[in-house]
Structure formats: structure tokens, C-alpha cells
Amino acid sequence: MRQDPVEVVIAYLWSVPGLPAQYITGDHVGHQAGEPMIYVEHSGGFRMIRDRLDRADITFDVYHDDRKHAVDLAYRCREALLEELPGLVVGGAEVLEVEEISSPRYDPDVTSREHCYRGEVAVFFVA
């Protein structure tokens with residue numbers, strides 16, 4: 001399959017109530033320390049069934065200048081990915097299941113010392 005799982009997850013998160021779409025991105029370009037950001041990254045995965053089913057491991061890092069806001073957004077992302085995304089078709093990919101690899105944990109940025117919560121999920125999808 002040729003679906004970029006990051007694009008699929010970002011397109012979905014843009015539609016989630018309670019998440020600021022303007023801060024959801026797949027790169028750090030233009031990010032200034034202190035600005036909110038939900039950074040989505042492909043961290044691994046593998047082909048489960050040839051030409052049929054992929055597993056993409058996705059990390060999401062939520063940056064915010066306020067620690068409480070960062071954790072609240074991180075847990076809203078978690079809820080949306082685990083509870084609401086399975087069964088939807090997004091950007092040409094049908095998401096069959098989402099499993100948690102790691103729940104959001106505090107991981108402040110080593111350079112800027114911004115508050116950051118990082119979670120990771122496995123997204124199972126077919127094109």
C-alpha cells in the first residue's frame with residue numbers, strides 16, 4: 001500500500017472536536033518554542049498481510065507552554081485515536097483497529113524545555 005499513515009492520522013485529527021487543527025502537523029517547520037503543537041510521526045510498523053493490511057506505529061507529541069493544557073490535549077488525542085478512529089475511512093484508508101503502545105507520558109523537550117506529552121499507537125489499516 002502507498003498510503004502515508006501520518007497523512008491519514010493528521011487528516012483525522014484535524015476533524016476532532018477539542019483539538020486545535022491549526023497546531024496539528026507532521027513536522028516542526030515554523031514551530032516556535034511556547035506555541036502549542038501536536039506533532040504526529042511515523043515511528044515504525046510493518047506489513048501484516050501482503051497487499052491488504054498494514055500496521056503503522058504512530059507517535060504523537062503534544063507541546064504547550066502550560067503543562068495542564070498539554071496533558072489535556074494529549075489525552076484527547078489518545079481518546080480520539082483509540083475510541084473514535086477505528087472503523088472510519090480517512091484519506092482513502094480504512095482504519096480497522098487502533099491499539100495503544102504507550103499512553104501519554106511527560107517528556108519535556110530537551111532543547112526548549114517546553115512541556116510535552118508523548119503517546120504512541122498502532123494503527124491497522126487497509127487501502
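Just so you know, residue 1 is the first one in the sequence shown, and it goes up from there.
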Test side-chain contact (heavy atoms from CB on, under 4.5 Å) on Val40 and Thr25 and set out the steps. CA-CA 6 Å; Val40 179; Thr25 184; over 6 Å; no
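- From Cys116, atom SG reaches atom CZ of Arg105 across 9.0 Å, with rounding to the nearest 0.5 Å.
- The cationic group of Arg118 does not satisfy the cation-pi geometry with Phe60, failing either the under 6.0 Å distance to the six-membered ring centre or the 45° limit from the ring axis.
- Panel note: side chain Tyr12, backbone Ala80; a donor-acceptor pair is recorded below 3.5 Å.
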Would you check, one step at a time, whether the test side-chain contact (heavy atoms from CB on, under 4.5 Å) holds for Val95 with Val123? CA-CA 7 Å; Val95 177; Val123 179; 3.9 Å; yes
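- Put simply, the side chain of Ser112 never gets that close to the backbone of Asp109: no donor and acceptor are under 3.5 Å apart.
- Put simply, CD1 on Ile58 and CG on Leu81 are 9.0 Å apart, with the number rounded to the nearest 0.5 Å.
- Contact annotation: the side chain of Pro108 never approaches that of His115 to less than 4.5 Å [non-hydrogen atoms, C-beta and beyond].
- The side-chain contact (heavy atoms from CB on, under 4.5 Å) test with Phe124 singles out one residue from Asp54, Leu53, Val98, and that residue is Leu53.
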Might you work through the side-chain contact (heavy atoms from CB on, under 4.5 Å) test for Asp65 and Glu114, ending with a clear yes or no? CA-CA 6 Å; Asp65 62 350; Glu114 291 174 275; over 6 Å; no
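- Separating the CG atom in Asp72 from the SG atom in Cys77 is a distance of 11.0 Å, to the nearest 0.5 Å.
- Under a hydrophobic-cluster definition in which Ile, Leu, Val, Met, Phe, Trp and Tyr are linked whenever side-chain heavy atoms come within less than 4.5 Å, directly or via other members, Val90 and Trp14 are assigned to the same cluster.
- Taking the charged nitrogens against the carboxylate oxygens, Arg76 and Glu84 do have a contact shorter than 4.0 Å, which makes a salt bridge.
- Here CD1 of Ile38 is found 9.0 Å from CD of Gln22. Values are rounded to the nearest 0.5 Å.
- Between His69 and His64, the ring-plane angle classifies as parallel under the 30° and 60° cut-offs.
- No chain of hydrophobic side-chain contacts below 4.5 Å, direct or via other Ile, Leu, Val, Met, Phe, Trp or Tyr residues, connects Tyr117 to Leu19.
- Counting heavy atoms from C-beta on, the side chains of Pro104 and Tyr75 come closer than 4.5 Å.
- In this structure, the side chain of Ser43 engages the main chain of Asp57 through a donor-acceptor pair within 3.5 Å.
- In terms of hydrophobic clustering, with Ile, Leu, Val, Met, Phe, Trp and Tyr side chains grouped at heavy-atom distances under 4.5 Å, Met37 and Val9 are assigned to different clusters.
- By the criterion of side-chain heavy atoms lying less than 4.5 angstrom apart, applied directly or through intervening Ile, Leu, Val, Met, Phe, Trp or Tyr residues, Tyr23 is not grouped with Val6; the two fall into different hydrophobic clusters.
- In the hydrophobic clustering of this structure, Leu88 groups with Leu13; members are Ile, Leu, Val, Met, Phe, Trp, Tyr whose side-chain heavy atoms approach within less than 4.5 Å, directly or through other members.
- Annotation for Gly26 and Ile10: closest pair N-CD1, 3.4 Å, computed over non-hydrogen atoms.
- Of all heavy-atom pairs between Ala70 and Val62, the closest is O-CG1, 3.5 Å.
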